[in-house]
> 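One structure, as structure tokens, below. Some questions next.
Note: hydrogens, waters and symmetry copies are ignored here, and every other heavy atom, side chains too, is used.
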Amino acid sequence: MRPTVVAISNLHKSFGRVVVLSGLNFQVEQNEVVCIIGRSGSGKSTLLRCINFLEEPDAGEITVAGITLPAGERTREHGRALIELRKRVGMVFQTFNLFPHKTVLENLIEAPIVVRKQSRPRAIEMAEVLLAKVGLSDKRDVYPSTLSGGQAQRVAIARALAMEPQVMLFDEPTSALDPELTGEVLTVMRDLAREGMTMLVVTHELGFAREVADRVVFMDGGSFIEEGPPHECLVNPKDPRTRQFLERFISHAH
Amino acid sequence: MIAASPSQPRPATRLRLPFRTWLALWTLVWLACLVALFSGLQFAFGPVHVHTITLDVGFMRGWWLFISAGVIITLELSVISIACASVIAFLSALARISRVAPLNSFAGLYISLIRGTPLFLQFYFIYQGLAQFHIILSSFISAAAALSLNYGAYMSEVFRAGIQAVSRGQTEAASALGMTPWQTMYRIVLPQALRIVTPDIGNQFIAMQKDTALASAIALEELTGRARQAGLPRNNFFEALVIAAAWYWLLTIVFSYFQGRLEHSMAQGDR
């Protein structure tokens, strides 16, 4: 059996009175690609953001690559463990969030130098390899404002990979892109999956999910309604809510 | 002779100049009017006799150097005060954003108190009020303290707005990469916030140059103080004030120009 990279147990999260996640249990194995789908407001992004504590969970426990953090603690040790956990988790945002005052290269070497205490030459060496991998070596010294959305997102992926994470979280990585630019980002993600990266992807790209995912999870109202291999979950869904979502989605897409 | 065909457009009677040129020309016209107002000339428009203001040129020639020497103190005071005010503003902005209750509320009270009382009163409090308790500060130190505290409070809100204008996504991206809150603030948020607030600091500096005039009330010999010293006893206060006013105006124009240049070069840094 492959080792578990992400384990979530009994995760609760509310915003005020609105319950977003209610007692989720969830595990991701090494090299696994899991796509999370569902309507907006179903709690997909919140689940993802709870994994690296960008959202503080109300209750529950999260384990990433051997580091376990319970919800709601604020001690010094907890703060240190949180940094260790975040070092192991790469995250890609819908809105890229590149640092606008730094060049592409500086975006990539910032965290390796500051957080991992890598030497500058080593960080640059690694950044150049990653830029080549996402096909943007020629953009090394430009500022993010000159990049297209697709290029910016590829840089954001490279920036997350520069930390050599154990798992990559993608929060609707193509939702802010023009349709003709989503392809280049999905290609990079597909390559990453092929290389064996453990990935958790919140997405509306059902084609990508069908092709790349090992497992698809359908969320509604803060809990898992259905999960399974894509050919089951996306082709012959059992739950009426999944069926409804897929029908509406497909009718919108055409 | 060529007969004008009816289809030909009428030659323009008004001069076709770009609007900017018109602006410059009219500025010169009004400036000339301003100079004429102080020319001492007398003339008549039919039954209306106009007497323009007559300046005592002899007084101005004799005293302009004495008054102008105040520019140095005015500049010293405003440069030192804007530097101190920026530090105070930065620290209190951080306090206002922090989740440390004692710090946050302290800064809140400071800002409220300073903004809720007149700057003029603050000058008196520090210079003459404290003297009652044998805390004797020189008029320069008092003026610098009053200006720093006062502008620090106003600029604190500017700094805070600048820090908060940096998008949340920036903090999230830095945190997700494992940076500590301090690293995130220092390396990611502040550099961006500083770019946002630089034009505002410039505006505050230009405003402060003129508020230094209040220090004349606590016996500081800056521009306005010297103008009063020279002009009042000789019944030439108007002339003395004209000299001081000219200096303030000149300083403002010069610094506005440099501020424009600075903003321009910073905007290019984004590309």
> Tell me which of these, Leu169(A), Asn97(A), Val142(A), has more heavy-atom pairs under 4.5 Å with chain B than the rest.
Asn97(A)

> So for Val114(A), is it side chain, backbone, both, or neither that comes closer than 4.5 Å to the heavy atoms of chain B?
both

> For Leu98(A), which atoms come within 4.5 Å of any heavy atom of chain B: side chain, backbone, both, or neither?
backbone

> Can we say Glu56(A) and Lys13(A) salt-bridge, meaning some charged N sits less than 4.0 Å from an Asp/Glu carboxylate O?
no

> Output every pair passing side-chain hydrogen bond (donor to acceptor under 3.5 Å, both in side chains) with a member in residues 82-91 of chain A, not counting sequence neighbours, ordered by first then second residue.
Glu84(A)-Lys87(A), Glu84(A)-Arg88(A)

> So which pairs with a foot in residues 153-165 of chain B pass side-chain hydrogen bond (donor to acceptor under 3.5 Å, both in side chains), sequence neighbours left out?
Ser92(B)-Ser156(B), Glu157(B)-Arg160(B)

> Any donor and acceptor pair, going by atom type alone, linking the side chain of Glu125(A) with main-chain N or O of Arg122(A) inside 3.5 Å?
no

> Is it the side chain or the backbone of Thr171(B) that comes within 4.5 Å of chain A heavy atoms, both, or neither?
neither

> Phe99(A) ring centre to Arg159(A) NZ or CZ under 6.0 Å, with the angle to the axis within 45°?
yes

> Is it the backbone or the side chain of Gln183(B) that comes under 4.5 Å from a heavy atom of chain A, or both, or neither?
side chain

